[in-house]
Amino acid sequence: MNEKQWIHKVLKGDTSAFGYFVDTYQDMAITIAFRICGNKQDAEDIVQNAFVKAFHNLHTFRADSKFSTWFYRIVYNTAITESRGLGHSTGFVDYKIIESDSSYSDMDTMAMVEENERKAMVNEALSKMPKDEGVLLTLYYLDDNSVKDIASITGLTDVNVKVKLHRARKRFADTINLLMRHESA
């Protein structure tokens, strides 16, 4: 079933069908909200509020864009609005957790450790960057959104997104290099 059919089911009264959208978009939505607010619990609350808003406003969704673009814009705006009024402590969130399985060999275990270290370094680098740049990199690289979709989500122009992505990539590379130097020292 495609997303338009899921939307149609929800609008016809099958509220449980909205679970499809929660299952599909929750992880990236939490990542986006976390990049803005810097606190995992607040990010989860923001995403919950965004899902409620999306559910109540689903009838306004125009199928001329992807549902993810429409929903991530709600998440982005909710996070910006709610983070203005809250004091936050910065925590760590891992956007994907590798499940452990007893059948892994030692080489698999080493690969998992290295992958987790890379993810930790990426998260640390993103947490040290300006929040808007972290959100852009997350949307572009972790969720594979196009520049046009990111512009729709953030309210920026396509050109502005490209410029900010370019600056964010450079800052991210500099931050990663700095972290690697500190780690090897």
Practice task
Decide whether Val135 and Val159 are clustered together by the hydrophobic rule: side chain heavy atoms of Ile, Leu, Val, Met, Phe, Trp, Tyr closer than 4.5 Å, transitively.
Solution key: no
Fill in the blank from the handout: OG of Ser127 to CZ of Phe34, rounded to nearest 0.5 Å, is 7.0 Å
Problem - Hphob cluster co-occupancy, Val163 + Tyr141, side-chain heavy atoms under 4.5 angstrom - result: no
Practice task
State, yes or no, whether a side-chain contact exists between Val161 and Tyr140 at a heavy-atom distance under 4.5 Å.
Solution key: no
Exercise for the section: Would you please classify the geometry between the Phe51 ring and the Phe18 ring as parallel, tilted or perpendicular, with 30° and 60° separating the classes? Expected result: perpendicular
Exercise for the section: Kindly indicate whether the side chain of Asn145, heavy atoms from C-beta on, has any atom under 4.5 Å from the side chain of Tyr72. Expected result: yes
Practice task
Measure the spacing between OG1 of Thr138 and CD1 of Ile32 and express it to the nearest 0.5 Å.
Solution key: 7.5 Å
Practice task
Determine whether Leu179 and Lys128 make a side-chain contact, defined as any pair of heavy atoms from C-beta on separated by less than 4.5 Å.
Solution key: yes
Completion exercise
Nearest heavy-atom contact between Ala43 and Cys37 is N-SG, 3.6 Å
Completion exercise
Scanning both residues in full, the closest heavy-atom pair of Ile74 with Thr78 reads O-OG1, 2.7 Å
Practice task
Report yes if the side chains of Met129 and Leu137 come closer than 4.5 Å at any heavy-atom pair, otherwise no.
Solution key: yes
Handout entry: Centroid-centroid under 6.0 Å between Phe71 and Phe21 rings
Key = no
Handout entry: Distance (rounded to the nearest 0.5 Å) between Phe67 CZ and Tyr25 OH
Key = 6.5 Å
Exercise for the section: Calculate, to the nearest 0.5 Å, the distance between atoms CH2 and CG belonging to Trp6 and Leu11 respectively. Expected result: 13.5 Å
Exercise for the section: Taking atom NZ of Lys148 as the centre, report whether more than 12 heavy atoms of other residues, nucleotides or ligands fall under 6.0 Å from it. Expected result: no
Problem - Taking every non-hydrogen atom, the tightest pair across Ala125 and Phe172 - result: CB-CE1, 3.7 Å
Problem - Side chains of Pro130 and Arg171 in contact at under 4.5 Å (non-hydrogen atoms) - result: yes
Problem - From His8 atom NE2 to Asn2 atom CG, the distance as rounded to the nearest 0.5 Å - result: 11.5 Å
Handout entry: Shared hydrophobic cluster, Tyr20 / Val52 (ILVMFWY, side-chain heavy atoms < 4.5 Å)
Key = no
Problem - Residue pair Ala168 / Glu133: nearest heavy atoms and the distance that separates them - result: CB-CB, 3.6 Å
Handout entry: Leu136 CG to Arg167 CZ distance, which is reported to the nearest 0.5 Å
Key = 11.5 Å
Handout entry: Selection residues 152-166 - residue pairs positive for salt bridge (charged side-chain N to carboxylate O under 4.0 Å, His left out), sequence neighbours left out
Key = Asp132-Lys164
Handout entry: Trace of the side chain to side chain contact (heavy atoms under 4.5 Å, CB included) decision for Arg35 with Leu126
Key = CA-CA 8 Å; Arg35 295 287 173 235; Leu126 286 170; 3.2 Å; yes
Practice task
Looking only at non-hydrogen atoms, find the nearest pair between Trp70 and Thr60 and report the distance.
Solution key: CZ2-OG1, 3.9 Å
